[in-house]
Amino acid sequence: MRRRPFSVFLLVIAIASGLVVLLGYWINLPALATLRDLFVRWAAILAGMAVLVGILNLLYVHWLKVSQPKPGGAYSLALLIAFVLTFLVAIVDTPTGSWSLWIFRYVQLPVEASLLALLAITLLVAVFRMLHRRFDWFSLVFIGTAILILVGSTYLPEVNMPVLQSLRTWLLQVPTVAGARGILLGIGIGVVATGVRILTGSDRPYEG
Amino acid sequence: MNLSAWLSAEILGLGFLLTFALLFYIFYYWKHRASYQKELEELRRIDAFTRLRKTIGQAIENGRGLQISIGSGGLNGIRGAAGLVSLSMLLVITQKSCKGDQSPQVTSGDGALASLAQDTLHKAYRLAAVESNSKASQNQVTGITPFSYAAGAMLTILDQPLQANLLAGNFGSEAGLLAEAGERSSQLVIAGSDGLPAQSVMLATADDALIGEELFAGGAYLSAEPSHAASVKAQDILRWIIILIILAGVILKLAGAL
């Protein structure tokens, strides 16, 4: 596929900017460091703008759901009303004002905490489903370890389980750390691979 | 000078990056002389991608859509890589499935990622020579915090008959809620993330979980671009180099040289 001249121009700008930021971390040149910091600041501003674009997209999709009555439209209406109220409070009272913080503390935090609680139940159900779906040694080890860690972390009055607690500590400090480091190294290589592909323009999923 | 003092993090990082780039280009140009299908067959089997390829075909046959959740990691920092990989997968999946009745549904938790996803959808339709029938709701930002994103995406998953639910990108433990929503509506759930908590949750909740760096091989296994196959091969060699360096480090430490 032939690239259009404008898209090649954009690609060159993207690669050059990426290289400047990357080299700024290794080559100790004041001019390069200044340019790197400038690019990073621009990226932060663009990311901030992207949050606004995301919010507008969210509002537009929910507005469409309200204007063309569909099942679940009431949730969309609730979202729009909550957004307008929160936005007005933040404008009048400033985002760090007492009313804004009240909304954050007594609405957003409890809602997110209840989702976290729901996740705990979901995971419990998922463990039983996992046994049904894949009954093999790997699943048994996974579930057995999870139960051991949970029981080892629980405080039961009048019950002293030093062996279980030592086993839990050993599991967390030896096999878990070893496995996690192995996975993190793999992820690190994957991140470098993706970075090189994007930086050299050999992988470009979007148009630009 | 002491060896450990000379091998600073910056020197190691630069060496790591240059080695990968060198290996990548060797494989990239060598690959052009070989058949790409043969390259794919040489890759080790990952069940999740085999099932995903079959599911794309089934979705077209059944006239059902696919839901692709690309996470809420954004593009800034180290989490951006998972987001970019999810866009590569989105491009291939949309190209393959856009000839069916239903287009893939994309949800994200970040504005920048959503903008690039929109651009990716346009590119996929253009490459597949299909007129875009995308609606505003095809690519949605469902929330800008991880849990609000999950809550919004759960509604999208439960809202319509879908063939499969693919979670690919940066997630935290909220991925469990998304996988559970897919499970409740009898969809196949395939999930991969660059986060350790999400991977453990996905292992328990998804039908097929991508563990470790398997997510980053997504492009190669879905046959996106020749560069992906070269990248996977370079990654494999680099992994062996790191294993050898770790072993050498252990031996040198035992010998008292470090």
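Numbers restart at 1 for each chain; the letters A, B, ... are given by sequence-line order, proteins then strands. In this text, all values refer to a predicted model and were calculated from it rather than measured experimentally.
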One should read off an interatomic distance between B:L87 CG and A:T194 OG1, to the nearest 0.5 angstrom, of 11.0 Å
With chain B, the option among A:A43, A:A180, A:A50 that has the most non-hydrogen atom pairs under 4.5 Å is A:A50
Q: Begin from the C-alpha positions of B:V141 and A:V61 and carry the test side chain to side chain contact (heavy atoms under 4.5 Å, CB included) through to its verdict.
A: CA-CA 9 Å; B:V141 175; A:V61 169; over 6 Å; no
The interface call for A:I55 against chain B, heavy-atom contacts under 4.5 Å, is side chain
If one checks every heavy atom of B:I144 against chain A at 4.5 Å, the contacting part turns out to be side chain
Given side chains that start at C-beta, do those of B:E180 and A:L119 come closer than 4.5 Å, heavy atoms only? no
Do A:R133 side-chain atoms and B:A206 backbone N/O form a donor-acceptor pair below 3.5 Å? yes
Using atom types as modelled and distance alone, determine if a side-chain donor or acceptor of A:R129 lies under 3.5 Å from a backbone N or O of B:E183.
no
### Query
Is the shortest heavy-atom distance from the side chain of A:R197 to the side chain of B:F24 under 4.5 Å?
yes
_So does B:Q140 get a backbone contact from the side chain of A:N57, meaning a donor-acceptor N/O pair under 3.5 Å?_
no
Do B:L203 and A:F138 pass the side chain to side chain contact (heavy atoms under 4.5 Å, CB included) test, and can you show the C-alpha distance, the side-chain angles, and the key distance before you say yes or no? CA-CA 11 Å; B:L203 189 67; A:F138 188 63; 4.0 Å; yes
If one checks every heavy atom of A:L185 against chain B at 4.5 Å, the contacting part turns out to be side chain
Would you say CZ of B:R79 has more than 12 non-hydrogen atoms from neighbouring residues, nucleotides or ligands within 6.0 angstrom? no
Here the pair of heavy atoms bringing A:P205 nearest to B:L91 is O-CD1, 3.6 Å
Cut-off 4.5 Å, heavy atoms of chain B, and the answer for A:L131 is neither
Heaviest contributor of heavy-atom pairs below 4.5 Å to chain A, chosen from B:A234, B:S173, B:A179, B:A151, is B:S173
Pair count under 4.5 Å, heavy atoms only, with chain B: among A:L115, A:V40, A:L123, highest is A:L115
key: Test item: A:S202 side-chain N/O and B:S227 main-chain N/O as donor-acceptor pair under 3.5 Å   = no
Of A:V192, A:L199, A:L79, A:L46, the largest count of non-hydrogen pairs under 4.5 angstrom with chain B goes to A:V192
- Query: Would the number of heavy atoms belonging to other residues, nucleotides or ligands and lying under 6.0 Å from CD1 of B:I78 be above 12?
  - Reply: no
In terms of heavy-atom pairs under 4.5 Å with chain B, the winner among A:L116, A:L52, A:V125, A:L22 is A:L116
Chain A shares the most heavy-atom pairs under 4.5 Å, among B:D207, B:D159, B:L238, with B:D207
Answer key: most heavy-atom pairs under 4.5 Å with chain B among A:V111, A:L184, A:I189, A:L58 is A:I189
### Message
Using the rule given for side chain to side chain contact (heavy atoms under 4.5 Å, CB included), can you reason through B:L84 versus A:R204, listing the C-alpha separation, both sets of side-chain angles and the distance that settles it, and then say yes or no?
### Response
CA-CA 9 Å; B:L84 291 166; A:R204 202 170 158 76; over 6 Å; no
Answer yes or no: is there a side-chain heavy-atom contact under 4.5 Å between B:H228 and A:D203?
yes
*Take atom CH2 in A:W99; do more than 12 heavy atoms of anything else shown fall under 6.0 Å from it?*
no
Test item: side-chain donor near acceptor, A:E112 and B:S148, under 3.5 Å
no
Turns out that what part of B:A114 lies under 4.5 Å from chain A's heavy atoms comes down to neither
When rounded to the nearest 0.5 Å, the distance separating OH of A:Y206 from OG of B:S115 is 12.5 Å
Using the rule given for side chain to side chain contact (heavy atoms under 4.5 Å, CB included), can you reason through B:F216 versus A:I187, listing the C-alpha separation, both sets of side-chain angles and the distance that settles it, and then say yes or no? CA-CA 8 Å; B:F216 295 96; A:I187 291 171; 4.0 Å; yes
Residues B:S200 and A:F142: closest non-hydrogen pair is O-CZ, 3.6 Å
Cut-off 4.5 Å, heavy atoms of chain A, and the answer for B:D194 is both
If one checks every heavy atom of B:T205 against chain A at 4.5 Å, the contacting part turns out to be both
Under 4.5 Å to a heavy atom of chain A? For B:A112 that would be both
Okay, B:L116 and chain A: the region with an atom under 4.5 Å from a heavy atom over there is both
Of A:V53, A:V196, A:V51, A:L118, the largest count of non-hydrogen pairs under 4.5 angstrom with chain B goes to A:V196
The interface call for B:L196 against chain A, heavy-atom contacts under 4.5 Å, is side chain
Checklist line | Greater than 12 external heavy atoms within 6.0 Å of A:N28's CG | finding: no
>> Does A:Y75, at its OH atom, have more than 12 non-hydrogen atoms belonging to other residues, nucleotides or ligands within less than 6.0 Å?
In response: no
